[in-house]
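Just so it is clear, the model here is predicted, and its values are computed rather than measured.
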Amino acid sequence: MSSPEHLAPGRPGDLAGPRTIALVGIDGSGKTTQARLLAAELAATGLPAVYRQNAGGRAWFGKRAVRWGRPDADALLGRRGMLLVESVLRWLSIVRTLLRRALRREIAVMDRYAFCQYASLRARGARPAAERRARLAYRLFPHPDVTFLLAVDPAVAQERIDRRGTDQESMEYLTAADRAYRSLPEFPEFVVIDANGTPDQVSAAIRAGLAAATRPAAPAPRRIRVRTLVLAGVPVLAGAAVLGWQLAESL
């Protein structure tokens, strides 16, 4: 991969261009594959790019549910309970990712972000109040510099999910999730990528989208210590309070 000119490394410790790149989309859209590819390609050019997964734990609980004789994670924890656990775990994952990015001055290529949680809540029929509370907790996090929405036909996504054989999703849910992403107020900010093609085709489209979406930026000031303290303190306390309130409301 030939990196865009404005993404080329400069002086040690100085990063121009995006520091956070998020890939979002429905299950089976190729988020994990493409995030890993992009991080590896950027790292190969000398940039401090690292793949970071912001999972919500649904796949893990789904596997445990099947092992314990339940059909899926919702059957194990209940729909509202699983949505709450997913919200909390994804929130903690994003905190960890942003702390690492601040401390190590890395470019974080994120597999999922807060938008995935909003879409999940909408697609699974959560009450509007649940999304409002989730947004209150997640608003502590900055928007990624670039967010790619991997848009894929639900039928193609379901075929990929069936092929990998580790989990399953209904066509009804995949269609609802696709609509949910497109209904988010943040949707106009997304760089939409046609993810129906081969991994190489999708990867090329992401690289082109990154080059088009990125603009030259001045090196970030060296205020890691202060920013890290703020990130590690205030958001954790405030977010924990909001998620605790959501837990109380769910019981």
Is Ile107 close to Pro18 at the side-chain level, that is, under 4.5 Å between some pair of heavy atoms?
no
Who pairs with Arg164 by salt bridge (Lys or Arg N to Asp or Glu O under 4.0 Å), at least two apart in sequence or on another chain?
Asp27, Asp167
Under the side chain to side chain donor-acceptor pair (under 3.5 Å) test, which residues partner Asp162, sequence neighbours left out?
none
Out of Arg101, Arg52, Arg100, which residue meets the side-chain hydrogen bond (donor to acceptor under 3.5 Å, both in side chains) rule with Glu106?
Arg52
Side chain Ser203, main chain Pro199, donor-acceptor under 3.5 Å:
no
For Gln34, check side chain to side chain donor-acceptor pair (under 3.5 Å) against everything at least two apart and list the hits.
none
Those residues at least two apart in sequence (or on a different chain) that pass salt bridge (Lys or Arg N to Asp or Glu O under 4.0 Å) with Glu131 are Arg122, Arg135
For Arg139, check side chain to side chain contact (heavy atoms under 4.5 Å, CB included) against everything at least two apart and list the hits.
Leu136
Heavy-atom nearest pair, Ser170 first then Gln158, reads C-NE2, 3.7 Å
Would you say Leu47 ends up clustered with Tyr51 if hydrophobic residues are merged whenever their side chains have heavy atoms under 4.5 Å apart, either directly or through other cluster members?
no
Would a single hydrophobic cluster contain both Val109 and Val50, if residues Ile, Leu, Val, Met, Phe, Trp and Tyr are joined by side-chain heavy-atom contacts under 4.5 Å?
no
Check the hydrophobic clustering (I, L, V, M, F, W, Y; side-chain heavy atoms under 4.5 Å; chains of links allowed) and say if Val202 and Leu38 are grouped together.
yes
Those residues that, when tested against Glu189, pass salt bridge (Lys or Arg N to Asp or Glu O under 4.0 Å) (two or more places apart):
none
Under the side chain to side chain donor-acceptor pair (under 3.5 Å) test, which residues partner Asp178, sequence neighbours left out?
Arg182
With a 3.5 Å distance limit and no angle check, can you tell me whether Ser29 reaches the backbone of Ile26 through a side-chain donor-acceptor pair?
yes
Would you please name every residue forming a side chain to side chain contact (heavy atoms under 4.5 Å, CB included) with Arg132, sequence neighbours left out?
Pro128, Ala129
Show the nearest heavy-atom pair for residues Ala195 and Leu150, with the distance to one decimal.
CB-CB, 3.8 Å
Just to verify, what does Asn54 make a side chain to side chain donor-acceptor pair (under 3.5 Å) with, not counting sequence neighbours?
Thr97
Of Thr20, Thr147, Ile94, which is the lone residue that meets side-chain contact (heavy atoms from CB on, under 4.5 Å) with Met110?
Thr20
Would you say Tyr138 ends up clustered with Leu149 if hydrophobic residues are merged whenever their side chains have heavy atoms under 4.5 Å apart, either directly or through other cluster members?
yes
If hydrophobic clusters are built from ILVMFWY residues whose side chains come within less than 4.5 Å, do Val191 and Leu23 share one?
yes
Work out which heavy atom in Asn196 is nearest to a heavy atom in Ala151; give both atom names and the distance.
ND2-O, 3.9 Å
Salt bridge (Lys or Arg N to Asp or Glu O under 4.0 Å) partners of Arg112, counting only residues at least two apart:
none
What's the shortest heavy-atom distance between Leu174 and Pro154, and which atoms?
CD1-O, 3.7 Å
For Pro144 and Tyr113 the tightest heavy-atom approach is CD-CE2, 3.5 Å
Would you list the pairs meeting ring pair (Phe, Tyr, Trp, His ring centres under 6.0 Å) in which at least one residue belongs to residues 183-209, sequence neighbours left out?
Phe115-Phe190
Ring pair (Phe, Tyr, Trp, His ring centres under 6.0 Å) partners of residues 146-181, not counting sequence neighbours, each pair once:
none
